[in-house]
Amino acid sequence: MEVGQMQRRLIEYTKSLFMEGILDDQFLQLQQLQDESNPDFVVEVVSLFFQDAEKLLNDITRALDQQSVDFPKVDAHVHQLKGSSASVGAQRVKNGCIAFRNFCEEQNVDGSLRCLQQIKQEYYHVKNKLEALFRLEQQIVAAGGSVPMMELSF
């Protein structure tokens with residue numbers, strides 16, 4: 001595949017992530033912070049999000065598996081995950097966390113478990129999509145091209 005074709009494919013793929021509500025404008029703002037002096041900025045920040053999210057999801061799972069659930073602790077983990085997901089533009093994960101916090105406030109174990117499953121599903125979905133995006137960017141660079149910047153309006 002030639003570079004121009006890969007660049008067009010990247011733009012269309014990225015647009016689809018926004019149109020499907022997987023990412024929000026925060027991801028574009030993150031991309032705008034990347035420059036020649038730090039060409040891997042977005043990948044590094046998103047990789048930290050992946051590490052943080054997986055740890056938090058495991059912590060939340062363990063906390064909900066307890067005989068007596070410590071809802072303030074669960075809520076603190078969910079709040080942290082909400083902040084992390086918002087910082088990289090993972091919109092569906094962030095929105096799931098907002099709903100989850102309501103179940104924590106109600107101390108609703110069943111609702112919390114359902115929300116946890118939904119958030120895990122959304123997290124792995126956004127992770128797969130972003131990993132595919134980064135692979136496409138790497139292919140463009142390896143072929144001698146440059147990664148096109150997304151516009152804020154599409």
Side-chain angles (χ1 to χ4, degrees), residues 6-7 9-66 69-105 112-154:
M6 285 190 286
Q7 289 171 325
R9 190 169 150 222
L10 175 69
I11 289 170
E12 289 307 311
Y13 183 75
T14 305
K15 281 182 183 179
S16 75
L17 298 179
F18 288 92
M19 300 301 279
E20 294 172 30
I22 295 168
L23 295 177
D24 64 22
D25 289 348
Q26 182 61 36
F27 186 77
L28 292 176
Q29 292 176 14
L30 202 59
Q31 286 182 316
Q32 291 175 342
L33 295 174
Q34 183 166 291
D35 58 22
E36 299 83 29
S37 67
N38 198 356
D40 297 324
F41 178 74
V42 175
V43 171
E44 290 170 5
V45 170
V46 171
S47 294
L48 289 172
F49 162 67
F50 291 159
Q51 292 171 15
D52 190 40
E54 297 210 10
K55 180 191 177 305
L56 289 167
L57 288 168
N58 287 332
D59 290 346
I60 294 166
T61 301
R62 273 195 302 279
L64 288 174
D65 281 344
Q66 300 303 310
V69 176
D70 182 352
F71 278 101
K73 182 178 181 179
V74 173
D75 185 58
H77 292 316
V78 174
H79 181 69
Q80 191 175 349
L81 181 59
K82 183 183 100 175
S84 294
S85 57
S87 72
V88 297
Q91 182 170 298
R92 288 186 186 175
V93 176
K94 176 190 76 177
N95 291 343
C97 289
I98 292 167
F100 197 156
R101 294 195 71 203
N102 291 330
F103 285 116
C104 287
E105 194 174 302
S112 293
L113 288 168
R114 282 193 309 274
C115 255
L116 176 60
Q117 290 313 309
Q118 179 188 357
I119 289 171
K120 282 182 178 181
Q121 184 177 353
E122 292 297 348
Y123 165 71
Y124 287 112
H125 187 63
V126 74
K127 183 178 183 193
N128 289 335
K129 294 287 190 178
L130 287 173
E131 287 172 341
L133 178 85
F134 296 149
R135 279 193 302 276
L136 189 51
E137 288 179 349
Q138 289 171 341
Q139 290 170 356
I140 291 169
V141 171
S146 61
V147 175
M149 284 300 296
M150 289 295 300
E151 296 297 317
L152 286 171
S153 59
F154 48 77

Test log, rule side-chain contact (heavy atoms from CB on, under 4.5 Å), inputs L33 and V42: CA-CA 8 Å; L33 295 174; V42 175; over 6 Å; no

Take F41 and V45 through the test side-chain contact (heavy atoms from CB on, under 4.5 Å) and record every step on the way to the result. CA-CA 6 Å; F41 178 74; V45 170; 3.7 Å; yes

Should Q26 and Q91 be marked as a side-chain contact (heavy atoms from CB on, under 4.5 Å) after you check the CA-CA gap, both sets of side-chain angles, and the distance that decides it? CA-CA 9 Å; Q26 182 61 36; Q91 182 170 298; over 6 Å; no

Run the numbers on R92 and E20 for side-chain contact (heavy atoms from CB on, under 4.5 Å), then give the verdict. CA-CA 10 Å; R92 288 186 186 175; E20 294 172 30; 3.8 Å; yes

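Taking the six-membered ring where tryptophan is involved, the planes of F27 and F18 are tilted, since the angle between them lies from 30° to 60°.
Among L17, L30, V88, L28, the one residue that satisfies the side-chain contact (heavy atoms from CB on, under 4.5 Å) test with L23 is L17. V147 pairs in a side-chain contact (heavy atoms from CB on, under 4.5 Å) with only one of the listed residues (V141, L136, I11), which is V141. Checking each of S47, S87, S84 against D52 for a side chain to side chain donor-acceptor pair (under 3.5 Å) leaves exactly one that passes, namely S84. Between L56 and the options Q51, H79, Q80, a side-chain contact (heavy atoms from CB on, under 4.5 Å) holds for only Q80.
Between the side chain of D35 and the backbone N or O of N38 there is at least one donor-acceptor pair closer than 3.5 Å. Side-chain atoms of Q66 come within 3.5 Å of backbone N or O of R62 as a donor-acceptor pair. The main-chain N or O of L57 is never found under 3.5 Å from a side-chain atom of Y123 such that the two would form a donor-acceptor pair. Checking side-chain atoms of Q34 against main-chain N and O of P39 turns up a donor-acceptor pair under 3.5 Å.
For the atom pair SG (C97) and CD (Q118), the distance works out to 10.0 Å, reported to the nearest 0.5 Å. Atom CG of L10 is separated from atom CZ of R135 by 12.5 Å, given to the nearest 0.5 angstrom. Atom CD of Q29 sits about 6.5 Å away from atom CG of D25, to the nearest 0.5 Å. Between atom SG of residue C104 and atom CG of residue L64 there is a gap of 7.0 Å, rounded to the nearest 0.5 Å. Distance check: F100 CZ to R114 CZ gives 11.0 Å after rounding to the nearest 0.5 Å.
Heavy atoms from other residues, nucleotides or ligands lying under 6.0 Å from NZ of K73 number 12 at most. More than 12 heavy atoms of other residues, nucleotides or ligands sit less than 6.0 Å from atom NE2 of H125. Heavy-atom contacts from other residues, nucleotides or ligands closer than 6.0 Å to CD of E105 number 12 or fewer. Around atom CD of E54, more than 12 heavy atoms belonging to other residues, nucleotides or ligands sit under 6.0 Å away.
A donor-acceptor pair shorter than 3.5 Å cannot be found between the side chains of S16 and K129.
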